[in-house]
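Residue numbers begin at 1 in each chain, while the letters A, B, ... track the order of the sequences. None of the values given here were measured: they were computed from a predicted structure.
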Protein chains: 2
Amino acid sequence: MACAGDCPVARTARLIEGKWTTRIIRDLLGGTKRYSELQHSLAGISPKVLADRLKFLEREGLLSKTVYPVVPPHTDYTLTPLGMQLADLIAAMAAFGMRLPPAGAAPRNP
Amino acid sequence: MACAGDCPVARTARLIEGKWTTRIIRDLLGGTKRYSELQHSLAGISPKVLADRLKFLEREGLLSKTVYPVVPPHTDYTLTPLGMQLADLIAAMAAFGMRLPPAGAAPRNP
DNA sequence: CGGTATCCGTATCGATACTG
DNA sequence: CAGTATCGATACGGATACCG
């Protein structure tokens, strides 16, 4: 029951933490994407944060990056088989999010 | 495909964010717990962080708190029906965490 | 196009001490 | 037992400008 700081839940939490991480993965579950495609679909993300998260996810083995040395540059981001196993998790998040009352409305008795 | 900053995934991410949040929920999925039980099972958490997270989760309607006005004090924390619907999500996190290589080992070919 | 570099504000986490 | 008070560290997210 007690989990000693590196239980499965904690390890996963560490990977998907962050405001944008799960949204990046969600977008990539729809297939390979380019940097600019992600920046567009994740409206509001700054280039630094996007690059940070992509680097992090790559280091963690959840996605892979393919650079085509052409001009103009072309880079593809794709989930690895490991990353694709997050599909269930993202689906669970989406399912729960839909059951959620809109915004921070207090579910008391108003 | 594009999610506009408050898509289901984003809303869920906001709720389960934080280093300890999912672990608290995980423990509570095992049944009602007292403050000190949580503090014990979540080894390493500070009282402030635990109280903060519990308050947050309560405000978000994911758990409810029952105070027994006895001495010494006795407080119970229980997941609400809404909070219990996180079971699938936590299960997915646990399942993924078990498929995960131990620690930050690069899954390349060494 | 696909990033880096810089700088900044703040949320979050954390330890420790103390209290009703 | 169940928290609160305080203070500090830092990681995270964000805006803007610029480079290969």
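Taking the ring axis of B:F56 as reference, the NZ or CZ atom of B:R53 stays within 45° of it and closer than 6.0 Å to the ring centre.
Residues A:E37 and A:K48 each lie close to DNA chain C; by heavy-atom proximity, the contact nearer the 5' end of the strand is made by A:E37. Sequence order on DNA chain C of the closest nucleotides to A:E17 and A:D76 puts A:D76 first from the 5' end.
Remark: side-chain polar atoms of B:T12 are paired, donor with acceptor, to backbone N or O of A:G97 under 3.5 angstrom.
Distances from the side chain of A:K65 to the nucleotides C:dT4, C:dG3, D:dC1 place C:dG3 closest. Of the listed nucleotides (C:dG2, D:dG13, D:dA2), C:dG2 has the atom at the smallest distance from the side chain of A:H74. Of the candidate nucleotides C:dT4, C:dG14, D:dG3, C:dT4 has the atom nearest to the side chain of A:A51. In this structure, the nucleotide among D:dG3, C:dC1, C:dC13 sitting nearest to the side chain of B:V49 is C:dC13. Nearest to the side chain of A:P47, among D:dA17, D:dA2, C:dG14, sits D:dA17.
Side-chain atoms of B:L89 and A:L89, non-hydrogen and from C-beta on, do get closer than 4.5 Å to each other.
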Apply the test salt bridge (Lys or Arg N to Asp or Glu O under 4.0 Å) to residues B:D27 and B:R23: give CA-CA distance (whole Å), side-chain angles for both, the deciding distance (0.1 Å), then the verdict. CA-CA 6 Å; B:D27 280 8; B:R23 270 178 274 186; over 6 Å; no
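Among the heavy atoms of the strands lying under 4.0 Å from B:Y77 are primed sugar atoms or P, OP1, OP2 only; no base atom is included. Base contact: A:P73 has a heavy atom under 4.0 Å from a base atom.
If you measure from atom CG of A:D52 to atom P of C:dC7, you get 16 Å, rounded to the nearest angstrom. When rounded to the nearest whole Å, the span between CZ of B:R53 and P of D:dT4 equals 14 Å. Rounded to whole Å, the distance from CD1 on A:I24 to P on D:dC12 is 13 Å. Per the geometry, CD belonging to A:Q39 stands 12 Å off P belonging to C:dT4, to the nearest Å. Rounded to whole angstrom, the span from the CZ atom of B:R14 across to the P atom of D:dC12 amounts to 16 Å. In this entry the distance linking CG of B:L50 with C1' of C:dG14 reads 13 Å, nearest Å. The OH atom of B:Y35 sits 13 Å away from the C1' atom of C:dT19 (whole-angstrom rounding). Rounded to an integer number of Å, the gap from A:L42 CG to D:dG14 C1' is 15 Å.
B:T75 has a side-chain polar atom (N or O) that falls below the 4.0 Å cut-off from OP1 or OP2 of D:dG3. An OP1 or OP2 oxygen of C:dG14 is reached within less than 4.0 angstrom by a side-chain nitrogen or oxygen of B:W20. Contact between the side-chain N/O atoms of A:K19 and the OP1/OP2 oxygens of C:dA11 is not found at any separation under 4.0 Å. The phosphate of C:dG2 has OP1 or OP2 within less than 4.0 Å of a side-chain N or O from A:R34. Look at B:S36 and you'll find a side-chain N or O under 4.0 angstrom from OP1 or OP2 of D:dA2.
Atom OG1 of residue B:T22 and atom CD1 of residue B:I16 lie 6.5 Å apart, to the nearest 0.5 angstrom.
Taking the six-membered ring for Trp and thresholds of 30 and 60 degrees, B:Y35 and B:Y77 have ring planes inclined between 30 and 60 degrees apart.
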